[in-house]
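Everything on this sheet refers to the single structure shown next.
Lettering of chains follows the sequences in order, A, B, ..., and the numbering in each one begins at 1. It should be emphasised that the depicted structure is a prediction, and the values quoted were computed from it without experimental measurement.
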Amino acid sequence: MTFVPNLLDWYDKNARDLPWRFEQSPYRTWVSEIMLQQTQVDTVIPYFERWMAQFPDLQALASADEQSVLAIWEGLGYYSRARNLHRAAKIVVNEMDGQMPQTPEGLEKLPGIGPYTAAAIASIAFEQDVAAVDGNIRRVLARLFDLREPARSPQGERKLWEMAEANLPAGHAGAYNQAMMDLGAMICTPKTPDCPNCPVAAHCRARSLGVQEERPVKMARKKVPHLTVTAAVICRDGQVLLAKRPSRGLLGGMWEFPGGTLEDQDAGLEACLRREIGEELGVEVSICSPFGEYRHAYTHYKITLHAFLTALSDGQIPQNLESQEIRWVDVLDLSAYPMGKVDRQIADRLVGEGIHDCL
DNA sequence: TAAGCGTGGAG
DNA sequence: TCTCCAAGCTT
């Protein structure tokens, strides 16, 4: 007797009523799965609704421009997800006659779709009998079978996919995968799992050994560096200068206030800013006043960003030396330019206070 | 293979 | 304030 009947019975009664379940289509399933990568359901829901209002189908997405796609995605993070989803939609519409692949192998060829997402879409949208393993399922399986290896190690990962496949109920893969995820999100949580209310507690080896909170075994985590960063709000005639970041890498394709990281050789924050503006724009600026200190944690490092109101020195014309593009933007138009969180905070403060030319 | 990639919520 | 970590993928 496996845990699966109890699991499916529980899911039948307790499945969450989510927007992409309430009204289901392959496209909606796809978008939801991409948004849900490394992101919690409650965070995703409002983004999903806005997305569907603006890009109701594959054709609408494929014909959109990347900036409007990034603008909708702003705040959700991992922006390559948005760029890849956009690219993939163009591929499906232009090269596949608008028909999404229905198998994991076909889906995985599209940018942004890896092993988990391919299995999730194939099982949920196309009723294929394939097992998926995500963070929730990884935790549930590691506890059910008391997996001793680190779950994210190559060997642990291989065993988890084997466990998921071994227990797959034929003809019910979509419900099975989603039930495992809902169980992980609602009952079998990372901290203090609700074992008394768990429908499969009787099958749980970690629970029977009292080690459920020690599963899954984690890999050691690296320390994150903390950088000091400066940024310039360069003001001129009611406008500010924005730079568009390179298309790949951190915040790819998003706009920002130019600046950069404090180096050992810099005499101070203002010297750092003058150096960075020289490197990035080839101009000299005069620094008028501080404009806030912003702390933020990215995936791999933390920053404290010091912003300054600045003005170009006489006769200086900014050149685009390191960005995709630079552009003078009216303060009231800043909301139309997709930005990461810190730059959005600076932009919002500019909008709120109005711009006062500093010289 | 391991590092890079955002942000927000929970404890 | 800090740590963990959340429906992972790409290079």
C/dT3 phosphate, OP1 or OP2, under 4.0 Å from A/Lys302 side-chain N/O: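 For C/dT3, OP1 or OP2 has a side-chain N or O of A/Lys302 closer than 4.0 Å.
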A/His296 vs B/dG6: side-chain N/O to OP1/OP2 distance below 4.0 Å: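 Result: no.
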Under 4.0 angstrom, heavy atoms only, what part of the nucleic acid is [X] near: base, sugar-phosphate, or nothing?
X        : answer
A/Leu85  : nothing
A/Arg21  : base
A/Ile137 : nothing
A/Trp73  : nothing
A/Gly340 : sugar-phosphate
A/Arg248 : sugar-phosphate
A/Gly114 : sugar-phosphate
A/Arg83  : nothing
A/Ala132 : nothing

Closest contact, heavy atoms only, A/Ala311 versus A/Cys288: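 Between these two residues, the closest heavy atoms are N-SG, 4.2 Å.
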A/Arg50 NZ/CZ over A/Tyr47 ring centroid, <6.0 Å and within 45° of normal: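 Yes, a cation-pi geometry.
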cation_pi(A/Arg236, A/Trp328) dist<6.0 Å, angle<=45: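 Because its charged atom sits under 6.0 Å from the ring centre and within 45° of the axis, A/Arg236 does stack over A/Trp328.
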I need the [atom1]-[atom2] distance between [X] and [N], as an integer number of Å.
X        : N     : atom1 : atom2 : answer
A/Ile121 : C/dG8 : CD1   : P     : 13 Å
A/Tyr298 : B/dT7 : OH    : P     : 6 Å
A/Lys191 : C/dT3 : NZ    : C1'   : 7 Å
A/Tyr79  : B/dG6 : OH    : P     : 7 Å

Can you measure from [atom1] ([X]) to [atom2] ([Y]) and round to the nearest 0.5 angstrom?
X        : Y        : atom1 : atom2 : result
A/Asn177 : A/Tyr116 : CG    : OH    : 7.5 Å
A/Met254 : A/Arg83  : CE    : CZ    : 9.0 Å
A/Asn167 : A/Thr2   : CG    : OG1   : 5.0 Å

Distance-only donor-acceptor test, A/Arg81 side-chain atoms vs C/dA7 base atoms, 3.5 Å: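 Not at all, since no donor on one side and acceptor on the other fall under 3.5 Å apart.
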Side chain to side chain, A/Pro258 and A/Glu276, heavy atoms closer than 4.5 Å: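 A side-chain contact under 4.5 Å is absent here.
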Same-atom distance (P) from C/dT11 to B/dG6, integer angstrom: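 The answer is 14 Å between these two P atoms.
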Distance, C1' atom - from C/dA7 to B/dG11, rounded to whole angstrom: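 So the two C1' atoms sit 22 Å from each other.
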Among B/dT7, C/dT10, C/dA6, the one nearest A/Arg139 by side-chain distance: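 Selected nucleotide: C/dA6.
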A/Lys341 side-chain proximity, nearest of C/dC9, B/dG8, C/dA7: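 Ranking C/dC9, B/dG8, C/dA7 by closest atom to the A/Lys341 side chain puts B/dG8 first.
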A/Arg138, A/Arg158, A/Lys159 screened by salt bridge (charged side-chain N to carboxylate O under 4.0 Å, His left out) with A/Glu149, the one that passes: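 Checked A/Arg138, A/Arg158, A/Lys159 against A/Glu149; only one passes salt bridge (charged side-chain N to carboxylate O under 4.0 Å, His left out): A/Lys159.
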Selection: residues 33-48 of chain A, any non-hydrogen atom under 4.0 Å of DNA chain C: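 By residue number: A/Glu33, A/Leu36, A/Gln37, A/Gln38, A/Gln40, A/Val41.
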Parallel, tilted or perpendicular: rings of A/Tyr301 and A/Tyr298 (30°, 60°):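 Ring orientation of A/Tyr298 relative to A/Tyr301: tilted.
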Measure all distances between protein nitrogen or oxygen atoms and nitrogen or oxygen atoms of nucleotides 1-4 of chain B, and list the pairs falling under 3.5 Å.
{"unit_1": "B/dG4", "atom_1": "N7", "unit_2": "A/His300", "atom_2": "NE2", "d": "3.3"}

